[in-house]
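Nothing here was measured: the structure is a model prediction, and the numbers come from that model.
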Amino acid sequence: MNYELGTTNYTEFWLKLDQLVTASNIKIDRRKGTSHPRYPSFIYPLDYGYLEGTRSGDKAEIDVWLGSLPSKAVTALICSVDLEKRDTETKILIGCTSEENRVIFNIHNTGSQSAILLVRDEAI
């Protein structure tokens with residue numbers, strides 16, 4: 001079976017992510033400008049939370065970053081690995097500008113973490 005990237009239906013992927021977000025309640029538990037509960041020097045540059053009633057690989061809800069765009073469509077996805085925690089995570093970026101994508105990407109590429117950013121390149 002061939003799994004080359006060119007054969008993937010990207011439009012369907014992003015639409016399904018939009019459907020998941022639309023069908024879920026976004027719970028923001030860390031507001032923009034607040035500090036992280038365990039790392040007080042880290043200030044959240046955007047609202048951060050999760051999709052209620054969903055489940056990610058770590059058995060918690062799916063994490064989201066909420067940007068400043070009026071549309072609540074999915075604009076990007078972060079896939080990260082953390083060697084210290086020995087885990088991987090996926091985070092959905094909702095309504096984020098290009099600059100907000102970059103800021104979030106940089107957060108997930110520090111210390112023991114490394115990440116890739118998948119940006120939705122179609123009009124939303």
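Transitive grouping of hydrophobic side chains (ILVMFWY, heavy atoms separated by less than 4.5 Å) brings Leu77 and Ile26 into a common cluster. Cluster annotation: Val81 and Ile116 are assigned to distinct hydrophobic clusters (Ile/Leu/Val/Met/Phe/Trp/Tyr, side-chain heavy-atom contacts under 4.5 Å, transitive). Note on Tyr50 and Ile28: separate hydrophobic clusters, where clusters join Ile, Leu, Val, Met, Phe, Trp and Tyr whose side-chain heavy atoms are under 4.5 Å apart, directly or indirectly.
Using a 4.5 Å cut-off on side-chain heavy atoms (C-beta onward), Ile43 and Thr34 make no contact. When side chains are defined from C-beta on, Val64 does not count as touching Leu66, because their heavy atoms never get closer than 4.5 Å. Counting only heavy atoms from C-beta outward, the side chains of Ile107 and Phe42 approach each other to under 4.5 Å. Considering only heavy atoms from C-beta on, Leu46 stays 4.5 Å or farther from Val103 through its side chain.
The structure places CG of Asp18 at 7.5 Å from OG of Ser71, a figure rounded to the nearest 0.5 Å.
Thr90 is linked by a side chain to side chain donor-acceptor pair (under 3.5 Å) to nothing, counting only residues two or more places apart in sequence or in another chain. Evaluation of the salt bridge (Lys or Arg N to Asp or Glu O under 4.0 Å) rule for Lys16 yields Glu12 as partners, not counting sequence neighbours. Residues meeting the side-chain contact (heavy atoms from CB on, under 4.5 Å) test with Phe105, sequence neighbours left out: Ile78, Asn109, Leu117. Residues satisfying the salt bridge (Lys or Arg N to Asp or Glu O under 4.0 Å) test with Glu99, not counting sequence neighbours, are Arg102. Under the salt bridge (Lys or Arg N to Asp or Glu O under 4.0 Å) criterion, Glu89 pairs with Lys85, Lys91, sequence neighbours left out. In terms of the ring pair (Phe, Tyr, Trp, His ring centres under 6.0 Å) criterion, residue partners of Tyr48 (sequence neighbours excluded) are, by chain and number, Tyr44, Trp65.
Taking every heavy atom of both residues into account, Glu52 and Ser24 meet most closely at O-CB, 4.0 Å. Considering every non-hydrogen atom in both Cys79 and Leu118, the closest pair reads SG-CD1, 4.3 Å. The shortest non-hydrogen separation linking Cys96 to Asn101 is CB-OD1, 3.3 Å.
Arg30 contributes no side-chain N or O that, together with a main-chain N or O of Ser35, makes up a donor-acceptor pair within less than 3.5 Å. For the pair Ser112 (side chain) and Asp82 (backbone), a donor-acceptor distance under 3.5 Å is absent.
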*Between Thr97 and Leu69, does a side-chain contact (heavy atoms from CB on, under 4.5 Å) hold up when you go through it step by step?*
CA-CA 7 Å; Thr97 64; Leu69 295 175; 3.7 Å; yes
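Between the side chains of Ser68 and Glu100, at least one donor N or O lies within less than 3.5 Å of an accepting N or O.
The pair Lys27-Asp47 does not count as a salt bridge, with every side-chain nitrogen at least 4.0 angstrom from each carboxylate oxygen.
A side-chain contact (heavy atoms from CB on, under 4.5 Å) with Thr54 holds for exactly one of Ile92, Asn25, Ile62, Val21; it is Ile62.
Within 6.0 Å of atom NZ in Lys72, more than 12 heavy atoms from other residues, nucleotides or ligands are found, so the atom counts as buried in its surroundings.
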